[in-house]
Undergrad: 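Before we start, here is the structure in question, set down as structure tokens.
Small disclaimer: the values here were computed from a predicted structure and weren't measured. Below, each value reflects all heavy atoms present in this structure, side chains not excepted, and no hydrogens, waters or symmetry copies.
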Amino acid sequence: MDVTKKKHDIVPASASSAGFSSFDRITVRETIQYYSRLFCCMNTDIDGLIELVNLKDKTKEQYKNLSGA
């Protein structure tokens with residue numbers, strides 16, 4: 001099956017809704033934890049990364065509340 005042409009057969013329409021993203025609701029810390037686990041980087045210095053990108057004061061802020069600039 002060509003997944004690029006059969007997307008609707010794989011992902012239910014309700015799951016691919018453009019208006020919903022659960023990632024908007026997770027915090028900066030949770031986002032980094034998620035991706036570090038996804039890419040098998042279990043020893044990631046999460047606090048170091050947060051500080052590196054100057055988001056220490058936004059650690060508990062949800063992604064949807066961050067500036068896009």
Undergrad: Treat each ILVMFWY residue as a node, draw an edge where side-chain heavy atoms are under 4.5 Å apart, and state whether Val28 and Tyr63 are in one component.
TA: yes
Undergrad: Distance-only check: which donor-acceptor pairs under 3.5 Å involve side-chain atoms of residues 48-61, not counting sequence neighbours?
TA:
| unit_1 | atom_1 | unit_2 | atom_2 | d |
| --- | --- | --- | --- | --- |
| Thr59 | OG1 | Lys56 | O | 2.9 |
| Glu61 | OE2 | Asn65 | ND2 | 3.1 |

Undergrad: Run the salt bridge (Lys or Arg N to Asp or Glu O under 4.0 Å) test against Asp45 and tell me which residues pass, sequence neighbours left out.
TA: none
Undergrad: Name every donor-acceptor pair, under 3.5 Å, that has one atom in a side chain of residues 31-42 and the other anywhere in the protein, sequence neighbours excluded.
TA:
| unit_1 | atom_1 | unit_2 | atom_2 | d |
| --- | --- | --- | --- | --- |
| Thr31 | OG1 | Thr27 | O | 2.8 |
| Ser36 | OG | Ile32 | O | 3.2 |
| Ser36 | OG | Gln33 | O | 2.9 |

